[in-house]
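Being a predicted model, the structure only gives us computed values, none of them experimental.
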Amino acid sequence: MKINGQNFSFVDTLNSSITVPDCFVKPGSKIGGGNGEAKLYIAPKATMYPFFGNEGFAAKCFILKSDLIAYMNALHSEYLHPSQPYRGADKMPELWQERINKINAFPEVIEFTVHAQDQIIGDRGYVNSKDAGYQLIREISLPLVSYISVMQLTDPIGSTIYYWKLFADFEAISNKREALVFTYGKKREKAESQPVKKETSRQTEIRRARQGQGLYREKLLTECPFCPITMINDERLLIASHIKPWAVANDKEKIDHKNGFMLSPLYDKLFDRGFMTFSEDKKIMLSNWISPANKKRLGVVDGQFIQMLPLDEERQAYMQFHRSSVFKG
């Protein structure tokens, strides 16, 4: 793996992602009260210690500026149309640009060191840091719709270093948008007592497209009546996947069949969660955030050419977003 011109060797990946809690982020992004606390829950100590070191560890880490920019671009829609009652929701559009400017002031490789919080009694493993890179993660993370993955690497001289990457959870955003009427201080009972407006035909089509149904699915099947990877052509076994995720797509993009592929369930999940994408020349790209053992079990390999992939000019535009902001490269 080459990062910023240096070759690193892959060792391991933390076996679970770290959901960013509201208590961790700084006030500008918070949903609840308080000012946030710097400690971050990683995993049970039985998992954290073998990965980062023994008790009392000080682990050298880094995050990439380019990753943070991609994360912010992926969440631009969330800043414009918040799915949660952020404390400063009315200032979110301006906050997005402020944070982009702040990130740009950092070098490409942003280093920091995390320290084990052994003083916390119990089985839960926490880390903390006063370093600017770690504090930047706290500042730009949006709670509950963001998560962190950590990869263990060795640098060119054989020292262990940990690569952190911040991701947007598009599925969580979609779920929170669907439940938006029950947030912002409204009680469920009160919301349910309000008269229900009749759904328009366009709203119906958008809702059905969210479920991979309706005209969206029909048009996709017309162009590609099979999974281009497995060649399975039984419609009951195929999923109408969105390229640009539902959570950040506008109404036109949500029902545009050019914003989709028909995929078998395994490959739909890989594509939807950003563990797989496609290059401009129809080749599979697999994420390094999948363990080598699981990569061998997938039935596809990096660089595999998918001849039947319907990757026309319109889909190429959507794929640019997928490669930059969804794919866990």
Report the hydrophobic cluster partners of V326, with the cluster defined as I, L, V, M, F, W, Y residues connected by side-chain heavy atoms closer than 4.5 angstrom, directly or transitively. F170, V248, F321

Interatomic spacing from CD1 in I243 to CG in D272 - rounded to 0.5 Å: 12.0 Å

Quick one: do N128 and H115 satisfy side-chain contact (heavy atoms from CB on, under 4.5 Å)? Show the steps, please. CA-CA 5 Å; N128 204 339; H115 302 268; 5.7 Å; no

Under 3.5 Å, is there a donor-acceptor pair between the side chain of E253 and the main chain of D251? no

Check whether M285 and L311 end up in the same hydrophobic cluster, where Ile, Leu, Val, Met, Phe, Trp and Tyr are linked by side-chain heavy atoms less than 4.5 Å apart. no

State, yes or no, whether a side-chain contact exists between L221 and H257 at a heavy-atom distance under 4.5 Å. no

Just wondering, are more than 12 heavy atoms of other shown residues or ligands nearer than 6.0 Å to NZ in K26? yes

Side chains of residues 40-54: which donor-acceptor pairs under 3.5 Å do they make with residues two or more places apart or in other chains?
| unit_1 | atom_1 | unit_2 | atom_2 | d |
| --- | --- | --- | --- | --- |
| K45 | NZ | I120 | O | 2.8 |
| K45 | NZ | G122 | O | 3.0 |
| Y49 | OH | D118 | OD1 | 2.5 |

Q316 side chain to E280 main-chain N or O, any donor-acceptor pair under 3.5 Å? yes

Do any N or O atoms from the side chain of S146 and from the backbone of L142 form a donor-acceptor pair under 3.5 angstrom? yes

Holding to side chain to side chain donor-acceptor pair (under 3.5 Å), I want the full list of residues that pass it with K39, two or more places apart in sequence or in another chain. E37

Grouping ILVMFWY residues whenever side-chain heavy atoms fall under 4.5 Å, the cluster of V301 otherwise contains none

Qualifying residues under ring pair (Phe, Tyr, Trp, His ring centres under 6.0 Å), relative to F112, sequence neighbours excluded: W164

Is it the case that atom CG in D302 sees more than 12 heavy atoms from other parts of the structure closer than 6.0 Å? yes

Determine whether Y267 and M319 fall in the same hydrophobic cluster, where Ile, Leu, Val, Met, Phe, Trp and Tyr are linked whenever their side-chain heavy atoms lie under 4.5 Å apart. yes

Considering residues at least two apart in sequence or located in another chain, which fulfil the ring pair (Phe, Tyr, Trp, His ring centres under 6.0 Å) criterion with F261? F271, F278

Of all the heavy-atom pairs spanning G32 and R87, show the shortest one and how long it is. O-NH2, 2.6 Å

Transitively linked via ILVMFWY side-chain contacts under 4.5 Å: F327 with Y163? no

Residue set satisfying ring pair (Phe, Tyr, Trp, His ring centres under 6.0 Å) with H76, at least two apart, ordered chain then number -> W96

Looking only at heavy atoms, which two atoms of E94 and D90 are closest? And how far apart? OE1-O, 4.0 Å

Return yes if some donor-acceptor pair links the side-chain N/O of D22 with the main-chain N/O of P143 below 3.5 Å, else return no. no

Is the closest side-chain heavy-atom distance between V150 and Q152 below 4.5 Å? no

Quick check on the hydrophobic clustering: are I173 and L144 connected, directly or via other members, by side-chain heavy-atom contacts under 4.5 Å? yes

Under a 4.5 Å cut-off applied to non-hydrogen side-chain atoms, are L153 and I3 in contact? yes

Tell me whether the count of non-hydrogen atoms from other residues, nucleotides or ligands lying under 6.0 Å of CD in Q307 goes above 12. no

Within the structure provided, determine whether V25 and K30 are in side-chain contact (heavy-atom separation under 4.5 Å). yes

Can you spot which of V145, L166, I137 makes a side chain to side chain contact (heavy atoms under 4.5 Å, CB included) with V20? L166

What heavy-atom pair brings C224 and M262 nearest, and what distance separates the two atoms? O-CG, 3.5 Å

Joint hydrophobic cluster, F10 plus F8, side-chain heavy atoms closer than 4.5 Å: yes

Inter- and intrachain pairs under salt bridge (Lys or Arg N to Asp or Glu O under 4.0 Å), touching residues 52-68, at least two apart: D67-K165

Would a distance-only check, ignoring hydrogens and angles, find a side-chain to backbone donor-acceptor pair under 3.5 Å from K282 to L309? yes

Heavy atoms only: give me the nearest L263-P228 pair and the separation to one decimal. CD2-CD, 4.1 Å

Decide side-chain contact (heavy atoms from CB on, under 4.5 Å) for L136 and I63; before the verdict, give the C-alpha distance in whole Å, the side-chain angles of both, and the deciding distance to 0.1 Å. CA-CA 10 Å; L136 180 63; I63 195 164; 5.8 Å; no

Non-neighbouring partners of F24 that pass ring pair (Phe, Tyr, Trp, His ring centres under 6.0 Å), sequence neighbours left out: Y134

Indicate yes or no for a side-chain donor-acceptor contact from R315 to the backbone of N259 under 3.5 Å, with no hydrogens or angles considered. no

Provide the full list of side chain to side chain donor-acceptor pair (under 3.5 Å) pairs with a residue in residues 100-112, sequence neighbours left out, each pair given once. S66-E108, Q97-N101, K102-E139

State, yes or no, whether a side-chain contact exists between T230 and L266 at a heavy-atom distance under 4.5 Å. no

Do you know the tightest heavy-atom contact between S77 and A247? OG-O, 4.0 Å

Would you say that V109 contacts L64 through its side chain, given a criterion of any heavy-atom pair below 4.5 Å between the two side chains? yes

Validation: residues 231-241 side-chain donor-acceptor distances under 3.5 Å, sequence neighbours left out:
| unit_1 | atom_1 | unit_2 | atom_2 | d |
| --- | --- | --- | --- | --- |
| D234 | OD1 | R236 | N | 3.0 |
| D234 | OD1 | R236 | NE | 3.0 |
| D234 | OD2 | R236 | NE | 3.4 |
| D234 | OD2 | R236 | NH2 | 2.8 |
| S241 | OG | D268 | OD1 | 2.4 |

Worked verdict on D169 versus R273 for side-chain contact (heavy atoms from CB on, under 4.5 Å): CA-CA 8 Å; D169 189 335; R273 300 298 290 175; 3.6 Å; yes

Who pairs with S149 by side chain to side chain contact (heavy atoms under 4.5 Å, CB included), at least two apart in sequence or on another chain? S17, Y147, F167, W289

Using every non-hydrogen atom in the two residues, find where S129 and Q135 come nearest and quote the distance to one decimal. O-NE2, 2.8 Å

Give the intermediate values and the outcome of side-chain contact (heavy atoms from CB on, under 4.5 Å) for residues V11 and T154. CA-CA 7 Å; V11 178; T154 54; 3.7 Å; yes

Quick one: does S291's side chain have a donor or acceptor within less than 3.5 Å of a partner on N294's backbone? yes

Check whether any side-chain heavy atom of M92 sits under 4.5 Å from a side-chain heavy atom of L95, and report yes or no. yes

